[in-house]
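Chain identifiers are assigned alphabetically (A, B, ...) following the order of the sequence lines, protein sequences preceding nucleic acid strands; residue numbering begins at 1 within each chain. None of these values were measured; they are calculated from a predicted model.
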Amino acid sequence: MAITIHFDGQSVAVESGSDRTVLDLAREAGWHIDAKCGGQGFCASCNVLLGEGRYRVFDEEIDVSPEQRREVLSCQAYVRGDDAEIFLPRASVISFDGARIADEMDIPEHTFNPRFTKGYGVAVDVGTTTVVAALIDLETGKVLSRESLYNQQILKADDVVSRISLCSEPGNLETLKELVVDHTLNPLIHKLCTGTGIDKKQIVHLAISGNTVMMHIFFGVSPASIGVIPFKPVSHTFSSTAAELGIDARSDALVETVPAIAGYIGGDITSDLYVSNLSGRLSVLIDIGTNGEMVACLDGQMTACATAAGPAFEGAGLLHGARAASRAIDSIAYNETLDFELTVIGEPSPVGLCGPAIIDFIAEGFRCGLINAMGRYDIEMLKREDRYESICGMHACMLVAPELSATGESITITEGDVAEILKAKAAIYAGLKTLLAELGKTVHDIDHLVLAGGFAKHINLENAICIGLLPDIEIEKYDVIGNGSLAGAALALLDKGTQQDYLDLIEKPEIVTLNQTEHFTNYFQEALAIPNLDESDFLTRGQN
Amino acid sequence: MAKNEALYEAVLKGRRKDVSTIVHESVDAEINVAEILMESMIPAMAEIGDRFSRNEAYVPEMLIAARAMQAGLDILDPLLAEAGHKPIGKVAIGTVKGDLHDIGKNLVAMMLKGAGFDVVDLGVDCDIEKYREAVENGVQVILLSALLTTTMPYMKEVVEALKNSGAKILVGGAPVTQAYADEIGADGYSDDANTAVKSAKDALGIAA
Ligand code: B12
Ligand code: FES
């Protein structure tokens with residue numbers, strides 16, 4: 001025997017090495033285990049099944065017999081000895097197939113006056129999860145091609161704060177930088193260039209837009225100060241050359257960031273704000289994502305905050321949550337007969353469900369009485385329609401029967417999952433309400449609400465309003481923009497005046513520290529109910 | 001009066017306004033304040049806590065119930081102090097330096113109050129000195145809360161600084177685990193507000 005790793009019908013043997021975790025061994029075998037917390041042992045996204053062998057897990061030595069596999073956190077498990085059998089469950093392995101990445105962009109009208117008038121430019125949106133790049137001909141201003149990839153840093157940790165924590169250990173900052181530059185951006189540039197027949201050496205300008213932590217790491221600067229009060233970045237802007245950073249382009253190509261507003265309100269939001277063309281007296285921009293950044297603008301006066309919704313909308317922390325990629329359920333419709341009509345990305349049989357689908361699920365459930373205002377199921381209804389399951393002591397609704405799923409197990413939504421989503425949506429809605437309260441306004445005063453971020457394109461707005469994630473205002477007041485961060489980076493290449501506009505723009509918003517406001521906690525608690533305990537907020541859509 | 005069913009239900013369901021109204025009425029009717037608290041409100045919080053342990057209630061419901069409980073306590077607290085109500089122990093709770101999340105911490109504080117502890121709330125962004133001061137003021141258990149992976153390591157510093165102070169130290173918050181608590185040498189850990197009460201009682205050797 002040797003150390004053998006099994007996944008999806010395949011088996012790969014790897015060398016032992018008692019100093020390496022099972023998670024690392026699986027990577028060596030070619031499978032990327034999801035390590036949302038960066039291998040710190042508290043997210044349980046990295047679960048694997050240990051077969052016959054001797055192991056050390058946390059500080060305990062364990063023997064596993066062939067009949068009794070043990071489920072453990074792979075980031076905390078080591079193989080002792082030379083023989084082991086390790087089985088990877090599908091839910092723990094990141095698939096890079098068919099990821100749905102927001103790469104469409106609408107570049108608003110602008111003057112064409114690039115800083116470099118010859119050669120090519122690359123606009124890049126560096127997201128925590130995905131990176132999108134566009135190749136632009138600087139002579140004509142044309143966008144020639146767009147490509148996207150997962151930010152390879154997700155192999156190390158999922159959210160920005162976990163990446164900040166990683167950077168506190170020596171060597172990790174460099175590793176994370178390599179993952180985003182050498183293993184993400186360079187392959188993207190390669191694809192852009194081979195697809196268009198352009199020589200990399202003709203790339204003379206790169207504009208990078210992304211959250212503040214991503215920008216620090218990209219430029220090799222420690223983001224540690226953003227991790228603790230007062231969350232200050234080392235710098236709001238960075239610039240360097242391709243050669244310095246190891247980017248495949250002409251060695252002296254200029255690499256510049258879109259300036260950041262604050263530690264948790266980055267250049268991606270500056271870009272969104274610039275391209276979103278906020279109109280009306282009171283307008284708001286919201287990025288519905290892990291950080292939940294938002295900016296409100298009243299007659300030119302701006303306030304901004306980050307609401308820290310967490311990654312639940314990306315499927316993290318949910319029993320059968322999945323990223324918006326191949327085999328993820330992405331929409332759900334039903335009524336009290338609980339005959340679920342599902343759509344799945346790519347392949348027909350699903351592995352789990354992504355954010356937009358769980359919003360649909362809660363909204364439809366609330367409408368038909370399956371889910372009450374506290375996010376609890378009508379157990380009778382579940383049992384009557386043969387949808388009831390009990391998982392780890394939690395009531396759950398079976399969405400997909402075992403024989404119809406790709407995992408061979410049923411796909412379910414537990415009451416705990418619903419509670420996770422309620423926390424995330426409460427953070428966003430409470431952030432919005434607080435921001436407006438600081439301006440002396442309420443959600444009903446909003447004239448224009450722009451939604452940014454990859455997630456926004458795919459949610460059903462009526463459903464998002466129904467669960468109380470978004471305010472109950474006329475649908476015409478909503479606007480959903482494509483990848484504003486990418487468009488903002490492109491503008492920086494196309495018009496040299498933009499950079500100064502950005503520098504002026506980042507001075508405008510007054511940052512609201514939510515926990516120091518009088519109302520946030522109260523609004524958050526009210527928003528934990530569906531749609532909200534403050535019924536006056538949801539008069540048109542709040543009835544079930 | 002024994003248990004006031006309406007008040008019990010109002011706390012359980014998180015109906016804040018009803019709680020205020022009923023508590024006011026009861027006070028006006030000169031019902032013993034300790035009785036209002038002990039017979040109706042605390043059992044409601046205990047019930048919510050038990051349901052939480054049985055996975056029959058989740059954080060949103062607990063927070064909403066705690067908010068209603070607080071509305072009642074706001075009225076009762078000064079009256080209880082007057083009546084010389086005796087706590088079962090004195091504890092202090094605070095979110096560690098660098099961190100400002102306090103919703104979970106406040107919920108733990110509420111459950112501890114509900115269980116009869118005198119709870120000193122140290123607020124957020126607490127450095128070692130703040131905790132030390134609390135110990136000097138007679139606190140028997142210190143509870144540390146952290147919600148950020150970047151601030152969690154500070155718990156270790158606090159534990160080291162205060163390990164010979166005589167006070168027990170309990171840790172908690174979303175990223176904290178039992179394994180981490182053991183590693184830094186904390187006296188206890190729990191992953192929710194309900195079991196936090198049990199840990200605090202265990203630390204002081206009070207029967208559950
Ligand atoms: C509300 C919230 C906020 C509020 C906090 C308001 C307040 N007054 O506390 C605000 C918006 C201010 C905030 C800010 C930040 N937040 Co925040 N926040 C959250 C959120 C949405 C909920 C946390 C919460 O209150 N949960 C409910 C309570 C009841 O649960 P709990 O705290 O875990 O407590 C329970 C147990 O842990 C336990 N417990 C707690 N303490 C203790 C102590 C002891 C001794 C014991 C025994 C038990 C115990 O009992 C409690 C009850 O069961 C989470 C995401 C999520 N969906 O969970 C992010 C989250 C915690 N925040 C996060 C971050 C990063 C931040 C920011 C630093 C950055 C940002 N993205 O905005 C900022 C700071 C910026 C700034 N300048 O303000 C991250 C942390 C990630 C990480 N890896 O560490 C999270 C996970 C979201 C995310 N993934 O991005 N946040
Ligand atoms: S628990 Fe292993 S990566 Fe999070």
Side-chain angles (χ1 to χ4, degrees), chain A residues 37-38 40-44 58-59 73 76 157 159 161-168 223-231 308 310 317 373-376 390-395 414-423 426-427 513-516 520-522 524-530 533, chain B residues 12-17 48 51-71 95-107 110 123-127 146-154 173-183 189 191-192:
Chain A
C37 71
Q40 298 181 73
F42 54 73
C43 74
F58 284 104
D59 281 327
L73 302 180
Q76 303 298 327
D159 65 283
V161 180
S162 300
R163 291 188 203 162
I164 297 175
S165 310
L166 277 181
C167 288
S168 64
S225 63
I226 310 174
V228 292
I229 290 174
F231 314 108
M374 290 320 238
R376 311 299 301 280
S390 171
I391 298 175
C392 310
M394 286 186 281
H395 301 308
T414 67
E415 285 184 333
D417 292 339
V418 175
E420 271 314 299
I421 292 288
L422 294 186
K423 264 197 296 175
T513 308
L514 290 175
N515 70 304
Q516 285 168 5
F520 180 80
T521 302
N522 194 26
F524 176 73
Q525 290 169 351
E526 286 176 348
L528 288 167
I530 307 171
L533 289 183
Chain B
L12 204 57
K13 297 260 163 67
R15 285 197 298 263
R16 189 164 59 149
K17 290 205 184 81
I48 263 281
R51 289 187 187 178
F52 183 85
S53 310
R54 296 196 303 262
N55 275 323
E56 283 169 18
Y58 296 88
V59 166
E61 280 160 293
M62 231 172 146
L63 282 174
I64 292 167
R67 192 174 77 133
M69 174 88 177
Q70 184 62 54
T95 304
V96 299
K97 193 169 116 179
D99 204 325
L100 42 72
H101 291 87
D102 65 0
I103 296 171
K105 180 212 72 183
N106 294 346
L107 184 56
M110 176 67 61
V124 297
D125 194 20
C126 299
D127 58 14
L147 263 274
L148 295 173
T149 44
T150 44
T151 56
M152 195 170 83
Y154 191 74
V176 184
T177 57
Q178 180 68 53
Y180 184 75
D182 294 343
E183 186 190 313
Y189 158 82
D191 65 357
D192 66 68

Determine the minimum heavy-atom distance between B:Asp99 and A:Ile229, stating which atoms define it. N-CD1, 3.8 Å
Chain A interface, residue from B:Arg54, B:Lys13, B:Glu56 that has the most non-hydrogen pairs under 4.5 Å: B:Glu56
Taking every non-hydrogen pair under 4.5 Å, which of A:Ser162, A:Gly416, A:Gly41, A:Ala529 racks up the most with chain B? A:Gly416
Below 4.5 Å from any heavy atom of chain A, which atoms of B:Ile64 appear? Answer side chain, backbone, both or neither. side chain
For chain A, find which of B:Asn106, B:Leu63, B:Leu100 contributes the most heavy-atom pairs closer than 4.5 angstrom. B:Leu100
Identify the heavy atoms of A:Gly227 and B:Leu148 that sit nearest to each other, and give their distance. O-CD1, 3.9 Å
Identify the heavy atoms of A:Phe231 and B:Gly98 that sit nearest to each other, and give their distance. CZ-O, 4.2 Å
B:Tyr58 vs A:Met394 side-chain heavy atoms within contact, under 4.5 Å: yes
For B:His101, is there any backbone N or O sitting under 3.5 Å from a side-chain donor or acceptor partner on A:Asn515? no
Kindly compute the distance separating CZ (A:Phe524) from CZ (B:Arg67), expressed to the nearest 0.5 Å. 12.0 Å
Could you work out, with salt bridge (charged side-chain N to carboxylate O under 4.0 Å, His left out) as the rule, every residue matching B:Arg16, not counting sequence neighbours? none
Portion of A:Asp159 that has a non-hydrogen atom of chain B nearer than 4.5 angstrom: neither
In terms of heavy-atom pairs under 4.5 Å with chain A, which of B:Ala66, B:Ala57, B:Gly14 leads? B:Ala57
Looking at B:Asn55 and A:Cys392, what are the two nearest heavy atoms and their distance? ND2-O, 3.0 Å
Interchain contact, A:Leu533 with chain B, by part (heavy-atom threshold 4.5 Å): side chain
So that I can tick it off, tell me whether A:Arg376 and B:Glu61 are bridged by a salt bridge, with the cut-off set at under 4.0 angstrom between side-chain N and carboxylate O. yes
Minimum-distance pair of heavy atoms, taken over all atoms of A:Ser165 and B:Thr150: OG-CG2, 3.6 Å
In terms of heavy-atom proximity below 4.5 Å to chain A, should B:Thr177 be classed as side chain, backbone, both, or neither? side chain
